[in-house]
Asks: 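Got a structure for you, written out below as structure tokens; questions coming shortly.
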Amino acid sequence: MAIRLSFSSLPLFAPRTPCRHALPAFALFAFAPAALAEAAGEGEAALTNVLLWMLVITFIAVVAMTFAAVRYRLALLRLRQVQQQSRQAEDAHQKTDALNRTLLQAVEQSPTSIVVTDLLARIEYVNHCFEERTGYRAEEAIGRNPRVLKSGKTDPKIYLNLWETLLRGEIWRGQFVNKRKDGCEYIEQATIAPVRDASGNIAHYVAVKEDITLRLKHEQRIYRLAYFDRLTNLPNRTFLLEQLKRLTRPGQTRPAACALLLTDIDRFKRINEARDHTLGDLILQSVAGCLREVVRKPNVAVRIGSDQFGVILHSASDTSVDIRALAHQIAEQIRQQARAPALPEEAHEPVTLTFSIGFTLFPDDGDDSPSDVLRRAESALYRAKKRGGNQVLSFEEHMLEEERQTFLIESALRAALPAEQLCLYLQQLTNSAGEPVGCEALIRWQHPERGLIVPAAFIHVAEESDLICEIDAWVLREACRISAQEARAGRPLPISVNISPRHFRHHDFVRQFQEVLTDTGADPACITLEITENLLLEDLNEVITRMTELAALGVHFSIDDFGTGYSSLSYLKRLPISEMKIDRSFVRNAPNDAGDAALVETIVSVARHMHLRIIAEGVETAAQAEFMRQWPEVIQQGFLYGRPEPAQSWLERWHQFPHPDDTGNTPHTPTAPAP
Ligand code: C2E
Ligand code: MG
Ligand code: MG
């Protein structure tokens, strides 16, 4: 009997295998009784032989059955294992399916627009966000090219760069200005990436796009708030500084030559004060409009603040541009075109503007910083204004040094008053009989290191700030104190005091003056306030009102340096003045120069006609004194009679002169103002 053992077939037929292997053994046992009976009939030896065979067969059967049982067990285990694996595979499959479904839902419901195209950019898939954003339904979009979204406002270079990047197999990021189905535009931030198949070949492109229209709008709003002026819509000072920073940064590619122009409307404050601020705003808007016309890209116009505007000019890449000539040309255009601003009807009357313009070139040879550039341009502008405005000035090196000096003087002068470095000098006024009839109070600065400083070195600096008011107030109080002191001693002393326009215009001037009179006990009739013609240039009516108010207190007014300003007989008539001081420039040459002689003669006749007292300033020589004496009422002031000297020493001399008689008349009482 042949027993075939096939291990390879075991797993397949395992359930049947044990029976098959045990079969021969069972067969033997079935035939055994017959064999034994046959053997018993044939003798003992034969029986033994049969038993032996039975034993062998039994043994074989047992081994076969054991082997079969083991094989069966192994097959069973293997079967379970296979079943478990297939269950796991099925689980995994189900999980993958679920994940895929989730992913698909996520893509579908993503708040970013997702588009999948084939290699020819034909849309294969769009998600819900795409549909919502573009207005195209998936069925409409699929099969079409995403160019249906083109607005025409995206730079063609962007598409070129997109395709170059994708064809290199790289991811592209950028922005598109796209158009919805209904024509509305929106801006998308897109990331477009190639999608590779299992073999690594690019099979699709996927675009993930975010609508940044609103964000950009917010950003633009914030940018405008930070960098633009609300009234004129021009860029502001911060913008200017950023530009200057960029243009002066060393090592950067920057234009070969630039210029910064600063311009300022002359006397804009007056327009603003005289009329309401609405007119001021309209004027500023109109000037801004004009700047926009005159200043073309890449040059830029900005509003720095108040009535100050700036212009950055650059030669760009064209080095042949003469930047200085360009600056002059633009400055002139601004002056001409913004002269008569086109104002809306509500402005009621036309306005004529003049401009002061200062400019500087940059970048300088060395390290030029934005603040350096600005300072140079400001310096030139300041100079243009100081020279009377309505002009263009280019920066020159000495301007900065002069400003530095001015700054030093101003800070030292501020300290001078509390440190009691200011002192009062007096200069005599003499009548034609050679008698002193009063004096003029003149300031001096006793500097601890620089010695005695005359007003010419510092009054102009003081006049640029309220410092002049403090100085004038101090002189006025000192003069009143001296005058009152002399009056109490029976030597009433008329004193003339110089009042700067700024001090005179000070809102509290009248009250302060009254307070000084009360405090010192000075007789206002002994005080003459010297004003210059400059004071009369602006707001004449206001000046007249204030002068009348002060004249009512009994104080006198004199026009100092008469003939050097813009005198007009018509306004002189309206002023409550009692004196004119002929400027020393006419007095100096009058004896020898027929022209100056005629001028002095005219001034004297006008003063006579108006019943004004006349003082000839700067009489230095006997010839000048003699010339003036042809008008006996003319009072003389000059080095011939005495230089200005410290108040105390002048007063000592003054005390030696004969003084008012018992009637109490002062040596000189100014004539009453003409009616
Ligand atoms: P001013 O008011 O015209 O004063 C007369 C100036 O002429 C004085 O110069 C005086 O010293 C000078 N002077 C007088 N006689 C002669 C002369 O014969 N020849 C020459 N060459 N000069 C003569 P000072 O004191 O240097 O003052 C100059 C100017 O400074 C004054 O001109 C006045 O405008 C201003 N100033 C002086 N003190 C004050 C002050 O307290 N307040 C203000 N606001 N200005 C003042
Ligand atoms: Mg004077
Ligand atoms: Mg004078």
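Values reported hereafter were calculated over all heavy atoms of this structure, with side chains retained and with hydrogens, waters and symmetry mates removed. Counting starts at 1 for both ligands and their atoms, in listed order.
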Asks: Name the option, out of Lys581, Arg584, Glu617, that contains the heavy atom nearest to atom 6 (C) of ligand 1.
Replies: Arg584
Asks: With a 4.0 Å cut-off on heavy atoms, is Glu463 touching ligand 1?
Replies: no
Asks: Are Arg414 and Glu410 close enough for a salt bridge, meaning some N to O gap below 4.0 Å?
Replies: yes
Asks: Considering only non-hydrogen protein atoms, determine which one is nearest to atom 35 (C) of ligand 1 and report residue, atom name and distance to 0.1 Å.
Replies: Pro455 CB, 4.3 Å
Asks: So does Glu420 have more than 12 non-hydrogen atoms from other groups sitting under 6.0 Å from CD?
Replies: no
Asks: Quick one, Leu493 and Leu651 - any side-chain contact, counting heavy atoms below 4.5 Å?
Replies: yes
Asks: Say whether Glu620, considering both its backbone and side-chain N or O atoms, lies within less than 3.5 Å of an N or O atom on ligand 1.
Replies: yes
Asks: Of all the heavy atoms in Arg444, does at least one lie under 4.0 Å from an atom in ligand 1?
Replies: yes
Asks: Give the residue and atom name of whichever protein heavy atom lies nearest to atom 8 (C) of ligand 1, and the separation in Å to one decimal.
Replies: Leu442 CD1, 3.9 Å
Asks: Any nitrogen or oxygen of Phe639 lying under 3.5 Å from a nitrogen or oxygen in ligand 1? Just yes or no.
Replies: yes
Asks: Tell me, which protein residue and heavy-atom name are nearest atom 46 (C) of ligand 1, and how many Å apart are they?
Replies: Asn498 CB, 3.8 Å
Asks: Check if Gly618 has a non-hydrogen atom at a distance under 4.0 Å from any atom of ligand 1.
Replies: yes
Asks: Examine the side chains of Arg230 and Asn236 and answer whether a donor and an acceptor come within less than 3.5 Å of each other.
Replies: no
Asks: Does some non-hydrogen atom of the protein lie less than 4.0 angstrom from atom 3 (O) of ligand 1?
Replies: yes
Asks: Here's one to test your reading of the geometry: is the NZ or CZ of Arg404 within 45 degrees of the ring axis of Phe407 and under 6.0 Å from its centre?
Replies: no
Asks: Keeping Gln624 on the side-chain end and Arg588 on the backbone end, is there a donor-acceptor pair under 3.5 Å?
Replies: yes
Asks: Of Ile531, Ile471, Ile459, Asp560, which has the heavy atom at the shortest distance from atom 1 (P) of ligand 1?
Replies: Asp560
Asks: Enumerate the atoms of ligand 1 whose separation from the nearest heavy atom of Pro644 is less than 4.0 angstrom.
Replies: 11 (O)
Asks: Within a distance under 4.0 Å of any heavy atom of Val475, pick out the atoms of ligand 1 and give their elements.
Replies: 41 (O)
Asks: Could you identify the single nearest non-hydrogen protein atom to atom 38 (N) of ligand 1 and state the distance to 0.1 Å?
Replies: Ile443 N, 3.1 Å
Asks: Only heavy atoms of Gly638, strictly under 4.0 Å: list the atoms of ligand 1 that pass.
Replies: 15 (N), 18 (O)
Asks: Surrounding CZ of Arg450 (heavy atoms of other residues, nucleotides or ligands, distance under 6.0 Å), is the total greater than 12?
Replies: no
Asks: When the ring planes of Phe509 and Phe504 are compared, do they come out parallel, tilted or perpendicular, using 30° and 60° as the limits?
Replies: tilted
Asks: Are any side-chain N or O atoms of Gln285 and backbone N or O atoms of Leu231, one a donor and one an acceptor, separated by less than 3.5 Å?
Replies: yes
Asks: Can you name the atoms of ligand 1, numbered from 1 with element, that are less than 4.0 Å from a heavy atom of Val619?
Replies: 18 (O)
Asks: Can you check whether Ser306's main-chain N or O pairs, donor with acceptor, with Arg303's side chain at less than 3.5 Å?
Replies: yes
Asks: Does atom 32 (O) of ligand 1 have any protein heavy atom closer than 4.0 Å?
Replies: no
Asks: Below 2.8 Å, which protein N, O or S atoms neighbour the Mg ion (ligand 2), ignoring water?
Replies: Glu440 OE2, Asn498 OD1, Glu530 OE1, Asp560 OD2
Asks: Kindly say whether Thr354 contributes a backbone atom to a donor-acceptor pair with the side chain of Asn390 at under 3.5 angstrom?
Replies: no
Asks: State the atoms of ligand 1, each with its element, that fall below the 4.0 Å cut-off from a heavy-atom position in Ser500.
Replies: 44 (N)
Asks: Please compare Leu422, Leu424, Asp472 and report which has the shortest non-hydrogen distance to atom 43 (C) of ligand 1.
Replies: Asp472
Asks: With a sphere of 6.0 Å drawn around NZ of Lys386, does it hold more than 12 non-hydrogen atoms of other residues, nucleotides or ligands?
Replies: yes
Asks: Report, in ascending order of atom number, the atoms of ligand 1 lying under 4.0 Å from any heavy atom of Gln427.
Replies: 10 (C), 14 (C), 15 (N)
Asks: Do His556 and Pro494 make a side-chain contact, defined as non-hydrogen atoms from C-beta onward lying under 4.5 Å apart?
Replies: no
